[in-house]
Amino acid sequence: MSNTDTKKSEFTENQIKKINGKLLAEKYDCSPEYVKMVLRGKREHNSDKAKGILADAKAILEIAESKTEIQC
């Protein structure tokens with residue numbers, strides 16, 4: 001196993017709560033529990049499915065945690 005396949009979580013528990021695990025589970029045809037395990041680093045990140053879940057989770061958080069300034 002290479003260093004890029006480590007089981008360390010890239011997300012905090014608060015970030016994981018912001019991610020809709022059910023939605024990602026439907027997209028990747030897996031269980032919401034599997035999604036949460038991948039996000040928490042309790043599953044390997046070396047499969048295409050796990051890599052896709054992580055990439056989508058990062059994109060969701062980028063949107064959820066971004067600040068938009070709207071001028072009126």
Side-chain angles (χ1 to χ4, degrees):
M1 178 166 61
S2 72
N3 289 340
T4 58
D5 297 332
T6 134
K7 292 186 176 185
K8 184 177 182 229
S9 176
E10 299 179 36
F11 307 102
T12 66
E13 280 301 312
N14 281 340
Q15 288 175 320
I16 291 171
K17 289 177 185 176
K18 291 179 185 178
I19 299 166
N20 188 333
K22 186 173 188 272
L23 180 67
L24 289 176
E26 288 176 14
K27 178 177 180 179
Y28 288 99
D29 193 30
C30 62
S31 70
E33 292 79 18
Y34 176 80
V35 172
K36 297 296 183 184
M37 289 174 68
V38 169
L39 297 178
R40 288 188 175 109
K42 296 183 183 208
R43 294 290 302 208
E44 296 289 335
H45 300 160
N46 53 0
S47 70
D48 288 339
K49 184 180 290 192
K51 288 176 184 178
I53 290 168
L54 289 174
D56 285 348
K58 288 176 186 177
I60 290 167
L61 285 175
E62 188 173 313
I63 293 167
E65 294 179 342
S66 68
K67 303 288 183 200
T68 303
E69 293 192 25
I70 301 173
Q71 296 180 354
C72 298

| query | Taking the hydrophobic residues Ile, Leu, Val, Met, Phe, Trp and Tyr, and joining any pair whose side-chain heavy atoms are under 4.5 Å apart, which ones share a cluster with Met37? | reply | none
Under the rule for side-chain contact (heavy atoms from CB on, under 4.5 Å), what residues qualify as partners of [X], not counting sequence neighbours?
X	result
Glu65	Gln15, Lys18, Leu61
Ile60	Ile19, Leu24
Lys49	Tyr28, Cys30, Tyr34, Ser47, Ile53
Glu13	Ile16, Arg40

| Of all heavy-atom pairs between Ala25 and Pro32, which one has the smallest distance, and what is that distance? |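 Of all heavy-atom pairs spanning Ala25 and Pro32, the closest is CB-N, 3.5 Å.
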| CG/Leu54 to CD/Glu10 distance, rounded to the nearest 0.5 angstrom? |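 Answer rounded to 0.5 Å: 5.5 Å.
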| task | Give every residue pair that meets the salt bridge (charged side-chain N to carboxylate O under 4.0 Å, His left out) criterion with at least one member in residues 20-35, sequence neighbours excluded. | result | Lys22-Glu26, Lys27-Asp56
